[in-house]
Trainee: 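Sharing a structure below in structure tokens format, with a few things to ask.
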Amino acid sequence: MAPPAGPMGDRRSPLTLRVVLLCALLIPANAWWITEIEYVRYSDNATTQAIFFNCVTLLLVLMGINALLRRLRPAWVLSQAELVGAYIIAAVASNLAGHDQLQILFTTLTYVFRHSTPETGWADKIVPHIAPHLVVSDRGVIDALYQGSNTLYTWDHIRPWLAPLGWWTLFVMMVAWTMLCLSSLLRKQWDAERLNYPIAEIPIQIITQPGSLTGSPVFWIGAGIGATGQIINLIHALVPSVPGLPIGVQIYTAQTYPWNAAGPLPISSFPFAYGLAFLLPTQLGFSCWFFMLLSRVEMVGAAMMGYTDWGKFPYVQQQGVGAILGVFLAILWAARSHLAAAWREALHPPKTSPGHEPEAMSYRMAVFGALAGTVGMLTFAVTAGMRPATAALYLGILFVIVIVVARMRAELGLPTFELYQVGADQVLQRVSGTAAWTRGDLTVMTLFFFLSRTHRQFPMQTHVDALRLGRKTNTHLPALTIAIVLATGVGAVAAFWAYLHSTYVVGLESAKFRGPAMWAFGNEPWSKLDGWLTSPQQADPGSIMAYAFGTLFTVFLAGMRTRFVWWPFHPAGYLVAGSFGLFRLWLPIFVSWLAKVLILRYGGLKTYQRALPFFIGLVLGEFATGFARTVLDMIFGWHLPPESGIGGL
């Protein structure tokens, strides 16, 4: 059992000297490892899942070291708070260096100047509207980055990057700080609502109940199954004559009309996905696969009516955006009393008693810290070329999505999901048309592409799990907040260093660079901007109606769920119906949902608790083996394909 939360004096700090020293070495090495396996080699994706397999493996290694120290040097054993600190720092830094955050930003910043050619015409249409202090425009520096066989470590290559990446690091810090303030502000309310935090349950179980896990035979069975798929597919990648296991994403598409309108049907069977999906509340598990399949039925029905254009009727993705607004309104309504009390406490802080349980930060700091971060982000956007009103609208929509995604992590713990390019920039353009926005507005939206591409890995998801983990392990939350802030700053710097270090050697356009960054993170945003400028889009009434319908239907689902205990549909299932990233896991979600329902109905809570270590074993076995696979790949230079690992989500 996790230790009960106690008063401030009973709580231990995660920021000890040895944790600081360990993480000072770990963060740069981790950033380089992520850059190599995700960005350059594209041999796996550690950061597209809700929980990062490198961080879980780090925790397992530290737990193994602890077991050894208990026998040899008991005084040296890492405390639970230190384990929490190391895990959270690694997770925060991995989030920033990963596939969905700064990898996108770095590619977006460099691509436009490399491809400003007479053929594209970007030198006249786009480049004049890019704030010069935010980019490196020296063609020689950019060409060396793309051609490779070079080095970062000359002053001519280092100097041009210092100011632009310094500004972006500051912006990333402001974004993450604002999210951390919001996490602290909402923590007590979400705990009062008894949210489950399923993703945080994995490190909580590892840290607080190692004996219960490792002492269970079914845990080792699950871990063995999880590891077996990775081992067999590694052997298959090295020796193709050995059959592999088709646990990765397999795409099937109907060839006949109208069934082909449903789009591709992905089938995957990752063991970790079964394990994480088993932690989902049963109502959500049902709602996820039900609404995902229903959305495909909608698309087939629309095709039979003659609507076949992607992104048009039945507007599945736009309904999801409307659902985000509906969930956000439900969040505000449920938290209205708490937020009012937090505001009063921010204005008039009460005196604290000696045994007062500390928050991650005081409500005064959370409220005014969030306001200061918002002002900072607005100032950055305006100096980059956005009009103040546009910046306010963009950031407002962005943070509505951020809060809803964080709430989904805390309440539901989906294995992964994505809201692909349906964010603030798309909402503004579909509602008002591109002509309503200046070239400066549209250019800054393009620079902010990393904030709106997938909405999969915002720092706030990591923050809410971190605070939950801190609470459950009796860790001093203010010290954990400091650790998160430090990890954010150092992690951003380390990520940019790792990108520059690796790409100057490999070259972004060389044959050794195998990742999708060039077309997905570079060409896509700038070509989209080119299209907006060349062929302005009109407002889309269909999208506006879909936004409204999605909002109203979500409010209806939330109301029915509150009023009737038997109501089977969760609003979040409707929200993620258009998430192709989650749709790839529909089979594990369905199977784990069915298994959980049957276990609870016919075996009861005790049977569920006995079965839980098996499903956690699936996660830990596949994650540890998947991490070992990437290390072997880098040591021996195998350049394994991503489909042989856990990536591809």
Side-chain angles (χ1 to χ4, degrees), residues 4-8 11 88 92 173-197 200 324-378 392 395-412 458-485 488 555 558 562:
M8 181 175 176
R11 294 179 176 270
I88 293 303
V92 169
M173 289 286 291
M174 290 188 291
V175 171
W177 167 253
T178 305
M179 294 180 186
L180 181 58
C181 291
L182 292 173
S183 299
S184 181
L185 190 62
L186 292 167
R187 185 206 64 78
K188 185 174 287 188
Q189 169 64 25
W190 288 358
D191 279 1
E193 294 179 39
R194 297 185 179 181
L195 304 190
N196 293 323
Y197 295 85
I324 289 173
L325 179 57
V327 172
F328 179 74
L329 293 175
I331 292 171
L332 285 185
W333 180 255
R336 64 191 186 280
S337 298
H338 168 75
L339 293 176
W343 175 253
R344 290 193 297 269
E345 188 170 323
L347 295 178
H348 307 288
K351 294 182 179 180
T352 58
S353 62
H356 175 71
E357 181 184 334
E359 285 292 330
M361 59 180 74
S362 68
Y363 283 145
R364 167 167 283 191
M365 179 175 289
V367 170
F368 291 106
L371 291 175
T374 302
V375 171
M377 290 185 291
L378 287 170
L395 291 173
I397 296 170
L398 171 67
F399 272 84
V400 167
I401 297 173
V402 166
I403 292 172
V404 170
V405 170
R407 169 66 182 228
M408 290 175 62
R409 169 71 74 89
E411 183 176 6
L412 311 172
F458 292 122
M460 191 169 174
Q461 288 103 291
T462 304
H463 297 164
V464 295
D465 277 347
L467 298 184
R468 174 70 166 192
L469 184 54
R471 285 269 299 164
K472 286 293 186 177
T473 55
N474 213 27
T475 301
H476 190 225
L477 293 185
L480 188 59
T481 299
I482 295 172
I484 292 172
V485 172
T488 301
V555 171
T562 302

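Residue numbers count from 1 along this sequence.
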Trainee: Do T475 and I88 make a side-chain contact, defined as non-hydrogen atoms from C-beta onward lying under 4.5 Å apart?
Mentor: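 Contact flag for T475/I88 side chains = no.
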Trainee: Evaluate the side-chain proximity of P478 to M361: yes if any heavy-atom separation is below 4.5 Å, no if none is.
Mentor: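 No - every pair of side-chain heavy atoms lies 4.5 Å or more apart.
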Trainee: Do the side chain of T473 and the main chain of L469 share a donor and acceptor less than 3.5 angstrom apart?
Mentor: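 Indeed, once roles are kept as given, a pair shorter than 3.5 Å links the two residues.
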Trainee: To the nearest 0.5 Å, what is the distance between CE on M174 and CE on M377?
Mentor: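 That separation rounds to 7.5 Å.
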Trainee: Please determine whether a side-chain nitrogen of the Lys or Arg among R187 and E359 lies less than 4.0 Å from a carboxylate oxygen of the Asp or Glu.
Mentor: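 Salt bridge flag = yes for E359 with R187.
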Trainee: So, taking the atom named CG in L195 and the one named CZ in R468, what distance separates them when rounded to the nearest 0.5 Å?
Mentor: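 L195 CG to R468 CZ: 8.0 Å, rounded to 0.5 Å.
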Trainee: Is there a side-chain contact between F368 and L347, using heavy atoms and a 4.5 Å cut-off?
Mentor: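 Yes. Closest side-chain heavy atoms under 4.5 Å.
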Trainee: Quick one: which residue pairs count as a salt bridge (Lys or Arg N to Asp or Glu O under 4.0 Å) with a foot in residues 400-412, not counting sequence neighbours?
Mentor: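 Sorted result for residues 400-412: E193-R407, R407-E411, R409-D465, E411-R561.
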Trainee: Using every non-hydrogen atom in the two residues, find where A176 and T488 come nearest and quote the distance to one decimal.
Mentor: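 Reported closest heavy-atom pair: CB-CG2, 3.6 Å.
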Trainee: Could you walk me through whether V405 and I324 pass side chain to side chain contact (heavy atoms under 4.5 Å, CB included), step by step?
Mentor: CA-CA 9 Å; V405 170; I324 289 173; 5.9 Å; no
Trainee: Would you give the length of the straight line joining atom OG of S362 to atom CD of E345, rounded to the nearest 0.5 angstrom?
Mentor: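 So the gap between those two atoms works out to 8.0 Å.
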Trainee: Tell me the closest heavy-atom pair linking T178 and A370, and the distance in Å.
Mentor: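 Nearest pair, atom of T178 first, then A370: CG2-O, 3.9 Å.
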Trainee: Which atom pair, heavy atoms only, marks the closest approach of A360 to L467?
Mentor: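 Minimum heavy-atom contact is CB-CD2, 3.7 Å.
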Trainee: Can you tell me if W177 uses its side chain to pair, donor with acceptor, with the backbone of G369 under 3.5 Å?
Mentor: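 Yes; judged by distance alone, with no hydrogens or angles, the pair exists.
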Trainee: Can you tell me if T462 uses its side chain to pair, donor with acceptor, with the backbone of F458 under 3.5 Å?
Mentor: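 Such a contact is absent between T462 side chain and F458 backbone.
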Trainee: Kindly give the heavy-atom pair with the smallest separation between I484 and A466, and that separation in Å.
Mentor: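 Closest heavy-atom pair between I484 and A466: CD1-CB, 3.9 Å.
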Trainee: Taking C-beta and beyond as the side chain, do M173 and V485 meet within less than 4.5 Å on heavy atoms?
Mentor: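 Yes, their side chains come closer than 4.5 Å.
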Trainee: For H338 and L185, indicate whether the former's side chain and the latter's backbone hold a donor-acceptor pair under 3.5 Å.
Mentor: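 The answer is yes, because a donor-acceptor pair under 3.5 Å joins these two groups.
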Trainee: Taking the side chain as every heavy atom from C-beta outward, state whether F399 and V404 have any atom pair closer than 4.5 Å.
Mentor: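 F399 does not reach V404 side chain to side chain.
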Trainee: List the steps, then state whether side chain to side chain contact (heavy atoms under 4.5 Å, CB included) holds for S184 with T481.
Mentor: CA-CA 9 Å; S184 181; T481 299; over 6 Å; no
Trainee: Quick check: are there more than 12 heavy atoms from other residues, nucleotides or ligands sitting under 6.0 Å from CE of M408?
Mentor: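 Counting neighbours around CE of M408, more than 12 heavy atoms of other residues, nucleotides or ligands fall under 6.0 Å, so yes.
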Trainee: Can you see which heavy atom on V464 is nearest to which on S183, and at what distance?
Mentor: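 Scanning both residues completely, I find the closest heavy atoms to be CG1-OG, 3.7 Å.
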Trainee: How about Y197 and W190: do any of their side-chain heavy atoms sit closer than 4.5 Å?
Mentor: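 In contact.
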Trainee: The test is side chain to side chain contact (heavy atoms under 4.5 Å, CB included); show your working for M460 and V175 and say whether it passes.
Mentor: CA-CA 9 Å; M460 191 169 174; V175 171; over 6 Å; no
